[in-house]
Each structure stands twice: as C-alpha cells, then as structure tokens.
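Start at 1 and go down the list; that is how both ligands and their atoms are numbered. Just so you know, these numbers use all the heavy atoms, side chains as well, and skip hydrogens, waters and symmetry mates.
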Amino acid sequence: MARITASAFTSHVPAIGAAMDLGKTQEPYWSPVFDGYQYSRQWFSENKPDVVFLVFNDHATAFSLDLIPTFAIGTGAHYKPADEGWGRRPVPAIEGHPELAAHIAQSVIQSDFDLTIVNKMDVDHGLTVPLSLICGPVDADGSWPCPVIPFAVNVVQYPVPSGRRCFELGRAIRRAIDSFEEPLNVQIWGTGGMSHQLQGPRAGLINREWDQAFLDQLINEPEALADKPHIDYVREAGSEGIELVMWLVARGAMSDVNGGKAPEVKHRFYHVPASNTAVGHLILEEKL
Ligand code: DHB
Ligand code: FE
C-alpha cells in the first residue's frame, strides 16, 4: 500500500524563485534564506519520495473571481509553470500522478469533502517556489525529481476554509493514501505563510513571536492549533498570514493525529525578512 513518510512545510515567497532564477542566491540579502534549506535539499535527495502531495494556493493565476474552488485537486498528467506577468519561471513542467490523484479524489469526496477536479492548470509561485527550495535548482529542460499532485486551497478570496476543516481534510487525505494499492512513498507538503501582509495600512507586518509559537504548536499541539479561528491569523499574522491554514492539511495527515507515533522533527528554520514575509520551514519524518 502507499504510505506517507514525511511532511514538509515552507513559505513560498515569489522573490525567492526570482533570486534563484536570476543567480542571486549568494547575495548577502538572500544567502541566509538559502542556508536554511541546505539541510532540506540533502535530506530530500536522501529521502526521495515517489510522489509529493503539495498543498498550495493559487494567487489569482489559474483561478480568478470567475471561479473560486475552496479545495482543488490536480488529476492531470502535467502542469506548466504559470506566467505571472513577467514570463514563466525557467523551471521544468511538473509531472502529475493521475492514478493516485484520482484515487484520492474518489476517497476524499466519498468522505464528504467537496473537491474540485482540475485536469488542466498552470501552477504559480505557490507551487514552484517550494519545489525549488526543497529540491534545489533544476534546469528548465531537465525534470523535477518526482511527480507532484497539486492541491490548491482558496486563501485569497473570502470566505476561506477554517483551520479545523483543513486539518480534518488532511486526515481524509491520509486515509485515501493508505488505501492506494501501489506501494508508493508519499510526502505531503503544506506551503505558504508565514506572517505577512501585502497591502493596506499594515503592509509589511511581520510577527516573529506569533510565527514561532505557530511552529511550536504545529509540532506539539496540532489538534489545538486546528481550532484557531481565522480572524486570529489575520489579526496576528496579517491578511496573507491566513496562508498558514494550508500547513494544517499536511499536519492532519501525519500518523500521530491518526492513532500512531509522533513524527521526528528533522529540521526547523525561521528567518526574517524575505521580501515582505517571514520565512518558516519544518520537516517532520514519520516513525514506524
Ligand atoms: C509575497 C509573499 C507571498 O506569499 C505572495 O504570494 C506574494 C508576495 C511577498 O513577500 O512579496
Ligand atoms: Fe502567497
């Protein structure tokens, strides 16, 4: 059977992708950010999964006010990096895993979660930047180390899903993966965040203490964290801090909140600033 072996959590700041694409990673502003991912790249190369289930948000790129799915699962065979206004990032297209994605859609929808099925979409920085950060640089004519199932959560247009709903969805995704017959090694990634606000009078807001407490609670008290109301994210972590609810999908899929053992914290990193945000990153490995 397929099984989840680890979860990873990371910010997705678009300027990080630009820094990689433009060869700026060694500049003094950026090098502390990339130093925080050195361990992760090594870890990923030594623990390469068969598939990454990547929870991210679209930033009005593939979707718009015309159509706003709360949860959308990519069941396609491939996805192009999106043109967000300054050309596509020079990274490879993303290969999907239609068989596993279709199985998860079937199982999760039958567990009473409404998912939108997406067979064609371009994926923006919300998906490509986490891949670049954790997999490391990949040439545009090369390929990513493994297939990816994109799973988009609406955190852009209100109403957004609650942390509790995201966490319970993670549990349903775990049950779905556990019941897939091929013996695939699957990682689940929660991306976005941490504290940031891009517009209005509070633009530039960063809340280090709140972010660190979020990381602590995500590791040790995920069930309690799932009950944090969305207004707390917005007040404390800024309007775009709400992206952090996506981390709860990945956390809800881990063994310890489904009757198993606590994961091992393999890596924890936090850095301010990167563009307008605090960068946060965690790797949790399942224990057998
Ligand atoms: C920035 C951060 C984001 O999460 C995003 O989606 C766009 C911009 C920023 O820090 O500039
Ligand atoms: Fe974002």
Strictly below 4.0 Å, N to O, side chains only: are Arg268 and Asp216 in salt-bridge contact? yes
Under a 4.0 Å threshold between the charged nitrogen and the carboxylate oxygen, would Arg171 count as salt-bridged to Glu223? yes
Atoms listed for the Fe ion (ligand 2) (protein only, N, O or S, under 2.8 Å, no waters) are His12 NE2, His59 NE2, Glu243 OE2
Tell me which residues fall inside the under-4.0 Å heavy-atom shell around ligand 1. His12, Val13, Pro14, His59, His125, His196, Leu198, Glu243, Ser275, Asn276, Thr277
Are Trp189 and Phe151 close enough that their ring centers fall under 6.0 Å? no
Answer yes or no: is there an ion pair linking Glu285 with Lys287, defined by an N-O contact shorter than 4.0 Å? yes
I need the Ile219 CD1 to Phe9 CZ distance, nearest 0.5 Å. 9.0 Å
Got a salt bridge between Asp21 and Arg88, using NZ or NE/NH1/NH2 to carboxylate O under 4.0 Å? no
Measure up the Tyr158 and His230 rings against each other and bin them: parallel (under 30°), tilted (30 to 60°), perpendicular (over 60°). tilted
Do Glu46 and Lys266 sit within salt-bridge range, that is, some charged N less than 4.0 Å from a carboxylate O? no
Going by the ring pair (Phe, Tyr, Trp, His ring centres under 6.0 Å) test, name the single residue among Phe269, Tyr270, Tyr37 that passes it with His281. Tyr37
